Asker: 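Take this structure first; my questions come after.
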Amino acid sequence: MSQKVLLTAKEVQIILQRLACQLVENHSDFSNTVLIGIQPRGIFLLKRLEEILESEYDIKSLKTGQLDITFYRDDFRRSDKPLEANKTKIDFVVEDKRVVFIDDVLYTGRSIRAALTAIQSFGRPKEIELLSFIDRRFSRHLPIQPDYNGRQVDAINEEKVIVNWKENEGEDIVYLISK
Ligand SMILES: O=P(O)(O)OC[C@H]1O[C@H](OP(=O)(O)OP(=O)(O)O)[C@H](O)[C@@H]1O
Ligand SMILES: O=c1cc[nH]c(=O)[nH]1
């Protein structure tokens, strides 16, 4: 197995700043917007963006939530081992809200497809956008694309992109792992 660094901590920080800036450009004061982190790894990205939006753009009372998609996946019955769901925490209705899904990697698009189904339990959003830190293009199984994109990565199916966050793994770094 080999691993290559795709993004260093400095590059991760620059991209986070840009993504936060793009969100502000499109959502202004976020009064009708909710940011939803996709469990499990979208939560770290959401937290980082939230910090920048609050500290650098003075966005107060940002509405954020966490969405678990485990039992909405189209392959959940195929698992050999018992599935463990993560927490869904959405303390508001999304009716007529502008929703932004936040996730670390977009690959086949199946996780986001599941999230589109899962969010329906919380109302009918005005619109849903997708912010993805890494977009593995050319690997999509479904017609799903990011509206906000950190970095596009071309990787073959045998490779995996791993996004590490300093809060969880001790360092911001993105690797491409080849088996
Ligand atoms: O577009 P997709 O093909 O759905 O892949 C993207 C998802 O994969 C990762 O999650 P996770 O590690 O839970 O899934 P994985 O086991 O497929 O890598 C990542 O955090 C995304 O949520
Ligand atoms: O490369 C990939 C593909 C799916 N999910 C990941 O986290 N990385």
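Note that the coordinates shown come from a computational prediction; the quantities given were computed from them, not determined experimentally. Sequence positions, counted from 1, serve as the residue numbers for this chain. Every heavy atom of this structure was used, including side-chain atoms; hydrogens, water molecules and symmetry mates were not. Start at 1 and go down the list; that is how both ligands and their atoms are numbered.
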Asker: How about CZ on Arg124, more than 12 heavy atoms from neighbouring residues, nucleotides or ligands closer than 6.0 Å, or not?
Answerer: no
Asker: Polar pairs, ligand 1 vs protein, N/O only, below 3.5 Å.
Answerer:
from, atom 1, to, atom 2, distance (Å)
ligand 1, 1 (O), Tyr107, N, 2.9
ligand 1, 1 (O), Thr108, N, 3.0
ligand 1, 1 (O), Gly109, N, 2.8
ligand 1, 3 (O), Thr108, N, 2.9
ligand 1, 3 (O), Thr108, OG1, 2.5
ligand 1, 4 (O), Ser111, N, 2.9
ligand 1, 4 (O), Ser111, OG, 2.5
ligand 1, 18 (O), Lys160, NZ, 2.9
ligand 1, 20 (O), Asp104, OD1, 2.5
ligand 1, 22 (O), Asp103, OD2, 2.6

Asker: Considering Leu176, Ile177, Val161, which one's heavy-atom position lies nearest to atom 6 (C) of ligand 2?
Answerer: Val161
Asker: Check whether any side-chain N or O of Glu159 sits under 3.5 Å from a backbone N or O of Ile156 as a donor-acceptor pair, and report yes or no.
Answerer: yes
Asker: Which atoms from ligand 2 have a heavy atom of Lys160 less than 4.0 Å away?
Answerer: 1 (O), 2 (C), 6 (C), 7 (O), 8 (N)
Asker: Assess whether a salt bridge exists between Arg73 and Asp75, defined as any Lys/Arg side-chain N lying under 4.0 Å from an Asp/Glu carboxylate O.
Answerer: yes
Asker: Which atoms of ligand 2 sit under 4.0 Å from any heavy atom of Arg136?
Answerer: 1 (O), 2 (C), 3 (C)
Asker: Which heavy atom in Ile69 sits nearest to a heavy atom in Gln39, and how many Å separate them?
Answerer: CG1-O, 4.5 Å
Asker: Would you check if the side chain of Arg140 reaches a backbone N or O of Tyr107 as a donor-acceptor pair within less than 3.5 Å?
Answerer: yes
Asker: Is there a donor-acceptor contact under 3.5 Å from the side chain of Arg41 to the main chain of Asp103?
Answerer: no
Asker: Test your reading of the model: is there a side-chain donor-acceptor pair from Gln17 to the backbone of Ile14, 3.5 Å cut-off?
Answerer: no
Asker: Would you say CD of Glu95 has more than 12 non-hydrogen atoms from neighbouring residues, nucleotides or ligands within 6.0 angstrom?
Answerer: yes
Asker: Where is the nearest protein heavy atom to atom 5 (N) of ligand 2: which residue, which atom, and how far?
Answerer: Val105 CG1, 4.0 Å
